[in-house]
Amino acid sequence: MNKDKTKVAILGATGSVGQKFIELLSNHPWFEIHELAASDKSAGKKYSEAVNWVMQIPLDKKIAEMEVKKCEPTLNSKIVFSALDASVAGTIEEDFAKAGYVVISNARNHRFDDDVPLIVPEINSDHLELVKIQKFGKGAIVTNPNCSTIGLVMALKPLDDEFGIDSVNVVTMQAISGGGYPGVPSMDILDNVIPFIGGEEDKMETEPKKILGTITGKKIEYARIAVSAQCNRVSVIDGHTECVQVKLKKKTSKDEIIKAWNNFSGEPQKLNLPSAPERPIIYLEGDKYPQPRMHRNLGKGMSVAIGRLRECSLFDYKFVILSHNTIRGAAGGTILIAELMKSKGYLD
Ligand code: NAP
């Protein structure tokens with residue numbers, strides 16, 4: 001155990017996002033995995049026996065030997081990453097926060113609680129202030145947005161800052177890993193597109209308003225942006241693609257938009273946080289880009305790729321976004337929140 005590192009636990013450690021946490025936290029300069037927890041079916045087993053490891057790096061021997069614990073607030077690590085299924089995350093996360101743990105979660109359950117921040121570190125790090133008015137004493141709950149929302153808001157933020165956004169239409173092509181493991185049966189997804197992902201359109205239409213909102217005293221004033229979303233599951237393993245149309249409040253040129261994206265950076269870059277990509281947004285020239293296989297790992301999976309910016313006959317502009325759903329959209333984004341919180345003294 002490294003004394004200089006902060007001990008962390010992962011709830012839902014056996015799932016798709018839980019495994020990505022383990023991969024991304026191996027050799028993390030600030031955090032060290034101290035405990036793993038999952039459902040009662042996995043608790044008590046060695047991690048290697050409880051998990052169906054599907055990451056591309058071999059399972060670390062030390063992690064493989066760790067005993068999976070129950071998701072009960074009796075863990076030694078006060079910082080807890082939650083990758084729990086939404087059917088159970090709500091109460092478990094609240095129990096941990098009440099017991100003094102800082103929970104940073106991927107689950108949807110607490111995203112719209114008035115006193116819970118919904119954070120994309122480059123966009124709204126100031127919303128972390130909400131933690132100070134939470135009723136959990138030393139504990140806290142901070143949430144990471146939906147995986148498709150993150151790619152979308154990253155692209156919208158520089159446009160909103162510089163030109164103002166009136167309305168957005170988005171159509172997604174979402175990777176299979178977004179549905180957890182084992183996810184959609186192969187007989188359903190191979191040679192196919194499924195034009196429905198439960199709850200996803202609602203998340204994409206509401207979350208951007210909170211994230212792009214303004215903190216005024218003790219609450220978030222939601223951004224007044226109209227968003228319409230259609231979400232589809234496609235036969236791609238990792239990487240969500242989104243076709244976006246946007247209506248701006250101020251007329252501008254294509255070059256100005258590309259400049260706004262390429263120049264965009266935020267608090268994580270200023271603070272030089274370990275998981276912060278040098279360039280959070282990368283605009284790709286070329287009619288055929290971005291593509292999941294080629295571009296999902298840009299910035300170690302933390303950069304959002306954008307391409308195909310062109311004028312739109314219905315809105316002002318249209319373009320294509322690609323972001324890695326289990327890295328920037330889940331575990332990587334959550335670790336970046338934890339780094340931000342640590343560097344701002346929220347984990348002391
Ligand atoms: P997953 O693969 O289905 O994993 C779910 C995890 O929850 C497993 O570790 C499972 O443990 C645990 N769990 C289930 N029931 C439990 C219970 N009663 N008590 C304690 N633990 C329980 O799901 P996932 O894709 O990793 O997603 C995890 C969370 O992140 C979800 O809320 C999801 O919506 C969100 N999210 C996912 C993505 C993505 O791209 N996949 C992106 C953003 C957010 P066992 O193995 O022991 O059953």
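Computed from heavy atoms alone, side chains included, the values below leave out hydrogens, waters and symmetry copies. Atoms within a ligand are numbered from 1 in the order they appear, just like the ligands themselves.
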For ligand 1, which atoms, with element, lie under 4.0 Å from some heavy atom of [X]?
{"X": "S42", "answer": "45 (P), 46 (O), 47 (O)"}
{"X": "A107", "answer": "32 (O)"}
{"X": "A86", "answer": "32 (O)"}
{"X": "C71", "answer": "20 (C)"}
{"X": "A330", "answer": "42 (C), 43 (C)"}
{"X": "C147", "answer": "42 (C), 43 (C)"}

Name of the residue among K219, Q134, K218 meeting side-chain contact (heavy atoms from CB on, under 4.5 Å) with D115: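 It is Q134; the other options fail the test.
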For S303, which of N297, I282, L322, I281 qualifies under side-chain contact (heavy atoms from CB on, under 4.5 Å)?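 The passing option is I282.
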[atom] - nearest protein heavy atom and its distance:
{"atom": "atom 13 (N) of ligand 1", "value": "S39 CB, 4.1 Å"}
{"atom": "atom 4 (O) of ligand 1", "value": "G15 CA, 3.3 Å"}
{"atom": "atom 38 (C) of ligand 1", "value": "V17 CG2, 3.6 Å"}
{"atom": "atom 6 (C) of ligand 1", "value": "A83 O, 3.6 Å"}
{"atom": "atom 32 (O) of ligand 1", "value": "L84 O, 2.7 Å"}
{"atom": "atom 23 (O) of ligand 1", "value": "G180 CA, 3.9 Å"}

Ligand 1 versus [X], non-hydrogen atoms closer than 4.0 Å: side chain, backbone, both, neither?
{"X": "S177", "value": "backbone"}
{"X": "V88", "value": "side chain"}
{"X": "S16", "value": "both"}

Would you find more than 12 non-hydrogen atoms of other residues, nucleotides or ligands less than 6.0 Å from K259 atom NZ?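 At most 12 heavy atoms, drawn from other residues, nucleotides or ligands, come within 6.0 Å of this atom.
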For atom 34 (O) of ligand 1, is the nearest protein heavy atom closer than 4.0 Å?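 When distances to the protein are checked, atom 34 (O) of ligand 1 has no heavy atom within 4.0 Å.
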Quick one, R279 with N262, criterion side chain to side chain donor-acceptor pair (under 3.5 Å). Give me CA distance, side-chain angles, the key distance, then yes/no. CA-CA 7 Å; R279 295 175 62 197; N262 280 334; 3.0 Å; yes
Pair [X] + [Y], salt bridge at N-O below 4.0 Å:
{"X": "K98", "Y": "E94", "answer": "yes"}
{"X": "E207", "Y": "K210", "answer": "no"}
{"X": "E339", "Y": "K342", "answer": "no"}
{"X": "K7", "Y": "E32", "answer": "no"}
{"X": "E122", "Y": "R328", "answer": "yes"}

Any atom of ligand 1 sitting under 4.0 Å from a heavy atom of A89?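 No.
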Looking at CG of L336 and OG of S275, how far apart are the two atoms once the value is rounded to the nearest 0.5 Å?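 If we round to the nearest 0.5 Å, L336:CG and S275:OG are 6.0 Å apart.
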Nitrogen or oxygen atoms of [X] and ligand 1 under 3.5 Å apart:
{"X": "G329", "value": "no"}
{"X": "T14", "value": "yes"}
{"X": "Y181", "value": "yes"}
{"X": "P145", "value": "no"}

Proximity winner for atom 14 (C) of ligand 1, if only heavy atoms of D85, I327, I150 are counted: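 Selected option, by shortest heavy-atom distance: D85.
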Just going by heavy-atom distances, which of I92, N325, T326, N106 is nearest to atom 36 (N) of ligand 1?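 Shortest heavy-atom distance from atom 36 (N) of ligand 1: N106.
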Spell out, yes or no, whether I335 and Y101 are grouped together once hydrophobic residues are joined by side-chain heavy atoms under 4.5 Å, including indirect joins.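 No; Y101 is not reachable from I335 via cluster members.
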Going through the distances and angles, do N325 and Q174 end up as a side chain to side chain donor-acceptor pair (under 3.5 Å)? CA-CA 8 Å; N325 53 296; Q174 298 184 215; over 6 Å; no
With side chain to side chain donor-acceptor pair (under 3.5 Å) as the criterion, how do D85 and S87 come out once you've worked through the C-alpha distance, each side chain's angles and the decisive distance to 0.1 Å? CA-CA 5 Å; D85 191 87; S87 61; 2.5 Å; yes
